[in-house]
Amino acid sequence: MSLFPCHRLTEDQIVIEIDDAIDFNTEDVTHGHLCGEISRSAARTVVIDVQTPLATATTVSVLRTR
């Protein structure tokens, strides 16, 4: 089960939606779920659609460094 909604644009492209704030309490779980979703998809292009009205510094850090 995925923590984030995910759909394919094409065979090689997926979109993963982040619709909740990520903070230091959820950073490790978020990282694990994102890595798992990306690896299971075997997509060459991954679009992260940040839909939350609050993009914390931790959100940016998770997306930037992982």
Hey, can you pull the donor-acceptor pairs under 3.5 Å for the side chains in residues 17-25, sequence neighbours left out?
unit_1	atom_1	unit_2	atom_2	d
D23	OD1	N25	N	2.9
D23	OD1	T26	N	3.2
D23	OD1	T26	OG1	3.4

Over 12 foreign heavy atoms within 6.0 Å of CD, E11: no
Reported CD-to-OG distance for the pair Q13 and S41, which is rounded to 0.5 angstrom: 11.0 Å
T52 side chain to A55 backbone, donor-acceptor under 3.5 Å: no
Interatomic distance, H33 atom NE2 to F4 atom CZ [nearest 0.5 angstrom]: 7.5 Å
CG on D12 to OG1 on T45, rounded to 0.5 Å: 7.0 Å
Rounded distance (nearest 0.5 Å) linking atom CG of L63 with atom CD1 of I48: 6.0 Å
Donor-acceptor under 3.5 Å (R64 side chain, V60 main chain): no
Polar side chain donor-acceptor pair, T56 to T59, under 3.5 angstrom: yes
CA sep, side-chain torsions, deciding dist, call: V47, I16, side-chain contact (heavy atoms from CB on, under 4.5 Å): CA-CA 6 Å; V47 176; I16 300 173; over 6 Å; no
Verdict with supporting geometry, V62 and L34, side-chain contact (heavy atoms from CB on, under 4.5 Å): CA-CA 9 Å; V62 165; L34 284 174; 4.0 Å; yes
